Number of protein chains: 2
Amino acid sequence: MGLDIVDTESSSAKVISRLSACGIRITEQRLRIATILLSAPQHRSAEQIADALRSDGARVSKATVYNTLNLFAAHGLIRQLSVDGDCAWFDSNIGPHYHFRDEQTGALQDVELQDVQFSRLPEPPAGMEVTGIDLVIRLRRRNDI
Amino acid sequence: MGLDIVDTESSSAKVISRLSACGIRITEQRLRIATILLSAPQHRSAEQIADALRSDGARVSKATVYNTLNLFAAHGLIRQLSVDGDCAWFDSNIGPHYHFRDEQTGALQDVELQDVQFSRLPEPPAGMEVTGIDLVIRLRRRNDI
DNA sequence: TTCCTTGCAAAACTTTTGCATTAAA
DNA sequence: TTTAATGCAAAAGTTTTGCAAGGAA
C-alpha cells in the first residue's frame with residue numbers, strides 16, 4: 001500500500017510478459033483486456049468485459065473482445081467455462097479448481113482443489129484418458145432459518 | 001422379444017401416463033418428442049430431436065420442439081445440461097448421475113452415482129444450501145498405446 | 001513494406017416470442 | 001365452446017466472419 005504507481009507498473013509488466021511468453025503480440029486492446037482479467041482470479045462474461053472497457057473509457061469493438069478472449073483461452077491464459085447456456089464465462093484462474101454456482105444469480109465462486117477429494121472415480125472408457133474434471137456445486141439461498 | 005406390438009403399446013401407455021402425471025396435455029407432437037427421449041436414457045440436442053422427428057416423417061416446428069423440451073424440463077421429465085456453449089443438451093436420465101464427455105466429439109456418457117464418491121466436499125457459503133452437483137469428466141482418445 | 005490487428009457491419013446460430021390457426025377437453 | 005398448443009416468421013441474444021483501414025515489426 002502506498003506505492004500504487006509502482007504496483008501498477010509492475011503488474012502491467014507482469015501482464016505484458018505473460019502475453020509475450022505466449023507469443024501474443026502486445027496491443028492496447030489486448031493489454032486492457034488482459035489487465036482486467038488477470039489482475040485477480042475472477043469470472044466474467046464477454047459482455048461484462050466490454051462494459052468494464054467502456055467504464056475505463058476505452059472503446060473496443062465487440063468483435064475484438066470476443067476474438068481476444070478466444071485468443072487468450074487458446075493460449076491457456078484464461079479458461080472458458082460452460083456453466084449455463086446463456087453466455088460463455090471466462091475464468092482467469094487457470095489452475096485446477098472447481099466452482100460454486102448460485103442458481104438464482106448465476107454468480108460463480110471458486111472452490112479450491114483441496115476442498116474436494118474423491119475416494120472413488122470411474123475408469124474412463126477403453127482407449128480414453130481423463131483430461132480434466134469439471135465440478136459445479138449448485139447453490140440456493142436457504143429459507144429454513 | 002417377439003411381442004413388439006405389445007411392447008410398443010405398453011411403452012406408449014407409459015409415456016402417456018408420465019405426461020399426464022405432470023398435468024401435461026397430450027398432443028401428437030408432445031407424444032412423439034417424449035417417445036424419442038424417454039424410450040431410453042440419452043442425451044440429445046434440440047436439433048437432434050428435430051432431425052429424429054423429420055426422419056420419423058413427422059413435421060414439427062422448431063418452436064414447438066424448443067417449447068416442448070422446456071416444458072418437459074420444467075416438469076422434471078428431462079434435464080437440461082450445460083456442458084458446452086454451442087447448444088443445450090437434454091438428458092432423459094433424471095436420476096442423479098454424472099457424465100463423461102469426449103472433448104473431440106462432444107459425446108456424453110452417463111457415470112453412475114455410485115462410481116463417484118467424495119471423501120471431502122466444501123461447506124457451502126453462509127446462508128446457502130447445496131441443491132446439486134454437476135460433474136463432467138472430460139476425456140480424449142489415448143495416443144500412447 | 002509486410003504482416004497482423006482492429007472496427008464495423010453483417011452473418012450465423014441457437015433460442016424465444018407474437019399471432020393467427022388448429023386441435024384438445 | 002372454451003382453452004390451450006401449434007406453426008410460421010420474425011425477433012432476440014450471443015458469437016463469428018469478411019473486409020477495409022490502421023498499427024506494429
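First the proteins, then the strands, lettered A, B, ... as listed; each starts at 1. These figures come from a predicted structure and were not determined experimentally.
Within the helix from C/dT1-D/dA25 to C/dA25-D/dT1, the inter-axis angle between the opening and closing five-pair segments is 30°, rounded to 10°.
A donor-acceptor pair under 3.5 Å is formed between the side chain of A/Q42 and the backbone N or O of A/L37.
For B/R59, the listed nucleotide lying nearest its side chain is D/dG7; candidates were D/dT15, D/dG7, C/dA9. Comparing D/dT6, D/dG23, C/dG7 against the side chain of B/T68 picks out D/dT6 as the nearest.
Considering all non-hydrogen atoms of both residues, A/D56 and A/R32 come closest at CB-NH1, 3.9 Å. A pairwise comparison of heavy atoms in A/R138 and B/R79 identifies NH2-NH1, 4.0 Å as the closest pair.
When the nearest nucleotides of DNA chain D are assigned to B/L71 and B/G85 by heavy-atom distance, the more 5′-ward of the two goes with B/L71. Of the residues near DNA chain D, B/T27 and A/N70, the one whose nearest nucleotide (by heavy atom distance) lies more toward the 5' end is B/T27.
Within the 4.5 Å cutoff, no side-chain heavy atoms of A/V130 are placed close to those of A/L121.
Atom OG1 of residue A/T131 and atom CD of residue B/Q104 lie 8.5 Å apart, to the nearest 0.5 angstrom.
Look at A/R101 and A/D84 and you find a salt bridge, because one of the NZ, NE, NH1 or NH2 atoms lies within 4.0 Å of a carboxylate O, short of that distance.
Backbone-only engagement by A/Q29 is indicated by non-hydrogen atom pairs under 4.0 Å involving sugar-phosphate atoms exclusively.
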